[in-house]
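Scroll down for the structure; my scribbles are underneath it.
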Amino acid sequence: MGMMLMDWVSSFTSDVVGKSLDGLALRHTAIASNLANVDTPGYKKREVSFESQLRSAIEARQSDGSQQADNSRPLAMRASSASHIALDAAPESLQQVQPQLNERDGEQFRNDRNGVDVEGEMVSLARNTERYLALSNLQSRIFRSTRTVISNGG
C-alpha cells in the first residue's frame, strides 16, 4: 500500500509538470531580465528552451516501456574526447532535462545593438504566465488527489 501510494505521488505526469514549471519559471526570469535591460546598449536578448528536451525524455520513456526490442530508436552519440564537437544529445530520462538559458546573438532592434523588442517580450510574458498558471493548477489537482487518497485510506 505505502509503496503504491509513493509511486502514485511521484508519478511521471507530476514529474513532467514539475520540470515544465521549472523551465517556465526560468523563462519568466529571462523575460524579466530582457525587459529590465530594454535600455541597456548592447544587451542581448535571453531565451530559455526546454520543451524539446522534455519531449525527447517523454518519447524515450514511451519507447522503453512499450517497444524494448524496437530498433527504430536512433543510437545515442557519445564523445570520447573533450576536443570533439559538443553533442546536443537528447536526454534519455526526465532527470536529465535541464532548461537552457541562451543569448540570442544577431537580433538588434536599435542602433545601440540592444536585442530586446518590448512588444514581443510582453507577448512572451503573457503566454508564459498563462502556461505557468495552467500547469500549476494541474499540479495542485494532482496534490489534492493525493491528499484525498491519503485522507480516505484509498
Side-chain angles (χ1 to χ4, degrees), residues 1-40 43-79 86-105 107 109 114-154:
M1 168 68 187
M3 187 61 182
M4 192 168 99
L5 180 61
M6 290 308 294
D7 290 344
W8 191 67
V9 169
S10 64
S11 72
F12 188 72
T13 301
S14 180
D15 293 343
V16 168
V17 171
K19 283 286 185 180
S20 299
L21 288 171
D22 291 345
L24 292 173
L26 183 59
R27 181 172 290 151
H28 187 85
T29 301
I31 293 169
S33 177
N34 291 341
L35 288 171
N37 287 288
V38 70
D39 291 327
T40 304
Y43 180 81
K44 295 177 184 172
K45 176 181 174 179
R46 296 183 176 145
E47 290 183 337
V48 172
S49 61
F50 66 94
E51 288 91 348
S52 63
Q53 287 185 53
L54 201 57
R55 189 174 306 111
S56 295
I58 292 169
E59 289 171 355
R61 178 183 166 142
Q62 289 172 340
S63 65
D64 286 346
S66 62
Q67 302 170 355
Q68 285 287 341
D70 186 4
N71 293 328
S72 64
R73 190 170 170 199
L75 294 174
M77 293 180 57
R78 295 176 196 251
L87 302 172
D88 192 20
E92 295 180 8
S93 72
L94 195 56
Q95 288 73 26
Q96 294 175 336
V97 174
Q98 294 296 321
Q100 302 293 316
L101 180 63
N102 304 309
E103 287 186 350
R104 282 192 77 155
D105 207 5
E107 280 190 16
F109 292 97
N114 185 299
V116 177
D117 171 27
V118 175
E119 289 82 16
E121 293 300 313
M122 295 305 289
V123 170
S124 296
L125 182 64
R127 185 179 305 136
N128 197 61
T129 300
E130 186 175 280
R131 289 177 181 164
Y132 191 91
L133 290 174
L135 285 174
S136 62
N137 189 19
L138 176 60
Q139 191 74 304
S140 176
R141 286 178 182 216
I142 291 170
F143 290 150
R144 271 197 308 263
S145 298
T146 303
R147 184 177 60 200
T148 300
V149 169
I150 292 171
S151 298
N152 296 335

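Everything quoted here is computed from the prediction, not taken from an experiment.
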Is there a donor-acceptor pair closer than 3.5 Å between any side-chain N or O of [X] and the backbone N or O of [Y]?
{"X": "N114", "Y": "N37", "value": "yes"}
{"X": "K19", "Y": "L54", "value": "no"}
{"X": "T148", "Y": "R144", "value": "yes"}
{"X": "Q53", "Y": "P99", "value": "no"}
{"X": "E119", "Y": "D117", "value": "no"}
{"X": "S56", "Y": "S52", "value": "yes"}

[X] and [Y]: which non-hydrogen atoms are nearest, and at how many Å?
{"X": "Q139", "Y": "S14", "value": "OE1-OG, 3.1 Å"}
{"X": "N102", "Y": "S49", "value": "ND2-OG, 3.6 Å"}
{"X": "G23", "Y": "V48", "value": "O-CG1, 3.8 Å"}

Option among R104, R46, E47 that satisfies the side chain to side chain contact (heavy atoms under 4.5 Å, CB included) test with N34 | R46
Rounded distance (nearest 0.5 Å) linking atom [atom1] of [X] with atom [atom2] of [Y]:
{"X": "L135", "Y": "D22", "atom1": "CG", "atom2": "CG", "value": "11.0 Å"}
{"X": "I31", "Y": "M122", "atom1": "CD1", "atom2": "CE", "value": "10.0 Å"}
{"X": "R27", "Y": "Y132", "atom1": "CZ", "atom2": "OH", "value": "13.5 Å"}
{"X": "S20", "Y": "D15", "atom1": "OG", "atom2": "CG", "value": "10.5 Å"}

Around K44, counting heavy atoms of other residues, nucleotides and ligands shown, do more than 12 lie under 6.0 Å from its NZ?
-> no
Within a radius of less than 6.0 Å around CD of Q96, do more than 12 heavy atoms belonging to other residues, nucleotides or ligands occur?
-> yes
Establish, from distance only, whether the side-chain atoms of R141 and S145 form a donor-acceptor pair under 3.5 Å.
-> no
4.5 Å side-chain heavy-atom contact, [X] and [Y]:
{"X": "H28", "Y": "L125", "answer": "yes"}
{"X": "L133", "Y": "N137", "answer": "no"}
{"X": "L94", "Y": "R61", "answer": "no"}

